[in-house]
Visitor: 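The structure under discussion is supplied below as structure tokens; questions concerning it will follow.
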There are 2 protein chains.
Amino acid sequence: MKLGEGVEWAAHCAIIVAGLAGRSTIPGKALAEYHGVSETYLLKHLKALVTAGILESVPGPRGGYRLARDAAEITLLDIVEAIDGKQPVFRCTEIRQRGPTAVEACAYRGPCGINRAMLSAEAAWRLALAEHTLASLAAGVAISADPRVISRTGEWLARNERKSAS
Amino acid sequence: MKLGEGVEWAAHCAIIVAGLAGRSTIPGKALAEYHGVSETYLLKHLKALVTAGILESVPGPRGGYRLARDAAEITLLDIVEAIDGKQPVFRCTEIRQRGPTAVEACAYRGPCGINRAMLSAEAAWRLALAEHTLASLAAGVAISADPRVISRTGEWLARNERKSAS
DNA sequence: ATAATCATGGATGATTTATATCCATGATTC
DNA sequence: GAATCATGGATATAAATCATCCATGATTAT
Ligand code: SF4
Ligand code: SF4
């Protein structure tokens, strides 16, 4: 079992976008270069964030992405679900309904204990993810970063940020 | 993200094995037929359970599998980790060390906030899984099962269980 | 208006992982 | 010695993921 690396990309992008001033935007191309990842593929993930209501996109020259709502209102769970989907991690294939002891399907009502245990564990996972907001994550990343990285990132932001007129 | 269905197979097999009397065993072939799944592939998963110290295997005629320790000492987490591995679900690819703002690798000490948040959420998941033992799961499955299934399973067990001499 | 910039969406191919099979080997019991 | 069963490796198939390409439409600067 493995979480797609698109989630890591999206989380990093979201944190950078959260660091923009006001309603400024940053183009997807810049985000791809910054992280050294495939541009066209990253755009797909950014689109997923837009669809999920996490980011806003503005097209055209001087366009790009910005947060759709406050950074404190966006959780890590939102990002994971936007990229990876909301499907349960454990998907019962109903093997109890196969083999020589099976009876009619209608006799099996509701999920069994295994399924329930799996789903409740998943709920605990999601709950833990939802406790981290984009705001708290951004703070953590900033603290642990090397001073040189911070200054380089500042310069890079100055070159790529599209300041909002308003 | 998806948990392999081998986990579902292994969990069901473990519950059945847990229901055997004393030190009786049951052959892998019977378990495969019971669940209507590929025999050769299921054997691989059963082997994983043996390696993990969850099951014991006895070769030869009248051989098969039995629990390696008490059902109350085997958790759902043990089974998941035996089949799916213990690798973290979120695997940081260190994209912060790529792109134009990167500096020497030694400047990045320890995991960042994103990684820490992911890993702590995973820990919550594992903790929840560890709260369910094979004993409690077996009880839950028995309660929710249809009477006909229980009786058919009893007959099937009578045919396939290899009673222990001792 | 025109051109440049950028997001969107679908189609497509490559890569990796999961699933499944096959066969040879060794251990154990009858 | 023969039958039964687990083990292990090699290998094939299916599916999910990762990545690219190209055509389209929307927006802004000139
Ligand atoms: S017993 Fe649980 S996990 Fe197994 S097939 Fe039924 S619902 Fe699914
Ligand atoms: S910031 Fe966190 S998730 Fe991103 S590359 Fe670094 S350790 Fe990994």
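Every value quoted in this text rests on a predicted model; they were computed, and no experiment measured them. Below, chains carry the letters A, B, ... as their sequence lines are ordered, and counting in each starts from 1.
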Visitor: Would you confirm whether Arg66(A), through its side chain, and Ser24(A), through its main-chain N or O, come within 3.5 Å as a donor-acceptor pair?
Guide: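 Checked: no pair found.
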Visitor: Given Glu122(A) and Arg126(A), is the salt bridge (Lys or Arg N to Asp or Glu O under 4.0 Å) satisfied, shown in steps?
Guide: CA-CA 6 Å; Glu122(A) 252 180 79; Arg126(A) 295 207 150 85; 3.0 Å; yes
Visitor: Provide, to the nearest angstrom, the distance between the NZ atom belonging to Lys2(A) and the C1' atom belonging to dT15(C).
Guide: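 Between C1' of dT15(C) and NZ of Lys2(A): 11 Å.
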Visitor: Does Arg162(B) put a side-chain nitrogen or oxygen below 4.0 Å from OP1 or OP2 of dC5(D)?
Guide: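 Yes, within the criterion.
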Visitor: Does any N or O in the side chain of Asp84(B) come within less than 3.5 Å of the main-chain N or O of Met1(A), such that one atom is a donor and the other an acceptor?
Guide: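 Between the backbone of Met1(A) and the side chain of Asp84(B) there is a qualifying donor-acceptor contact (under 3.5 Å).
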Visitor: Could you work out which one of dT27(D), dA19(D), dA6(D) sits closest to the side chain of Pro61(A)?
Guide: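 My answer, after comparing the listed nucleotides, is dT27(D).
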Visitor: Report the distance from atom NZ of Lys163(A) to atom C1' of dT28(D), rounded to the nearest whole Å.
Guide: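 The answer, rounded to whole Å, is 19 Å.
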Visitor: Under 4.5 Å between side-chain heavy atoms, counting indirect links through other Ile/Leu/Val/Met/Phe/Trp/Tyr residues: same cluster for Val17(B) and Val58(B) or not?
Guide: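 No, no single cluster joins them.
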Visitor: Could you tell me which non-hydrogen atom of Gly53(B) sits nearest to which non-hydrogen atom of Ala68(B), and how far apart they are?
Guide: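 Looks like O-CB, 3.4 Å.
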Visitor: Could you please name the option among dA7(C), dA6(D), dT29(C) that lies closest to any side-chain atom of Pro27(A)?
Guide: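 Out of dA7(C), dA6(D), dT29(C), the nucleotide with an atom closest to Pro27(A)'s side chain is dA7(C).
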Visitor: Find out whether Leu31(A) and Glu39(A) are in side-chain contact, i.e. whether some heavy atom of one side chain is under 4.5 Å from a heavy atom of the other.
Guide: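 A side-chain contact is absent here, since even the closest heavy-atom pair is not under 4.5 Å.
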Visitor: Using a cut-off of strictly less than 4.0 Å between a heavy atom of the residue and any atom of DNA chain C, enumerate the qualifying residues of residues 3-14 of chain A by number.
Guide: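 Those residues: none at all.
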Visitor: Report the distance from atom CG of Asn160(B) to atom C1' of dC5(D), rounded to the nearest whole Å.
Guide: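 So the CG-C1' distance, Asn160(B) to dC5(D), works out to 14 Å.
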Visitor: Given the rule in the salt bridge (Lys or Arg N to Asp or Glu O under 4.0 Å) test, do Glu161(B) and Lys163(B) qualify, once you have shown the distances and angles that lead to the verdict?
Guide: CA-CA 6 Å; Glu161(B) 182 175 359; Lys163(B) 300 233 173 88; 5.6 Å; no
Visitor: Rounded to whole angstroms, how far apart are OH on Tyr65(B) and P on dC5(D)?
Guide: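 Between P of dC5(D) and OH of Tyr65(B): 11 Å.
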Visitor: How many Å lie between CD on Glu56(A) and P on dC6(C), as a whole number?
Guide: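 Atom-to-atom, Glu56(A) to dC6(C), this comes out as 18 Å.
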Visitor: Taking the side chain as every heavy atom from C-beta outward, state whether His12(A) and Glu8(A) have any pair of such atoms under 4.5 Å apart.
Guide: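 Heavy-atom side-chain distance check passes, below 4.5 Å.
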Visitor: For the pair made of CD in Glu39(A) and P in dT20(D), what is the distance, rounded to whole Å?
Guide: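 Going from CD in Glu39(A) over to P in dT20(D) covers 10 Å.
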Visitor: Can you name the nearest heavy-atom pair linking Ser120(B) to His132(A), along with the distance?
Guide: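 It is OG-CE1, 3.9 Å.
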Visitor: Just how far, in rounded Å, is P of dA16(D) from CE of Met1(A)?
Guide: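 For the pair Met1(A) CE and dA16(D) P, the rounded distance is 16 Å.
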Visitor: Can you name the nearest heavy-atom pair linking Pro61(A) to Arg162(A), along with the distance?
Guide: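 Heavy-atom minimum between the residues: C-NH1, 4.5 Å.
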Visitor: I need the CD1-C1' distance between Ile26(A) and dC6(C), as an integer number of Å.
Guide: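 Distance check: Ile26(A) CD1 to dC6(C) C1' gives 14 Å.
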Visitor: Between Ile114(A) and Ile15(B), what is the shortest heavy-atom contact and its length?
Guide: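 For Ile114(A) versus Ile15(B), the nearest heavy atoms are CD1-CD1, 3.6 Å.
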Visitor: Which atom names give the shortest non-hydrogen contact between Gly28(A) and Leu46(A), and what distance separates them?
Guide: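 Closest pair (atom of Gly28(A), atom of Leu46(A), distance): CA-CD1, 4.0 Å.
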Visitor: With the threshold set at under 4.0 Å for non-hydrogen atoms, list the residues of residues 40-51 of chain B touching DNA chain C in residue-number order.
Guide: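 Output list: Thr40(B), Tyr41(B), Lys44(B).
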Visitor: Do the side-chain N or O atoms of Ser57(B) get closer than 4.0 angstrom to the phosphate oxygens (OP1, OP2) of dT7(D)?
Guide: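 It does, given that an N or O in the side chain of Ser57(B) lies less than 4.0 Å from OP1 or OP2 of dT7(D).
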Visitor: Any residue in residues 75-85 of chain A with a heavy atom nearer than 4.0 angstrom to DNA chain D? Just list them by number, or reply none.
Guide: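 None, since no heavy atom is under 4.0 Å.
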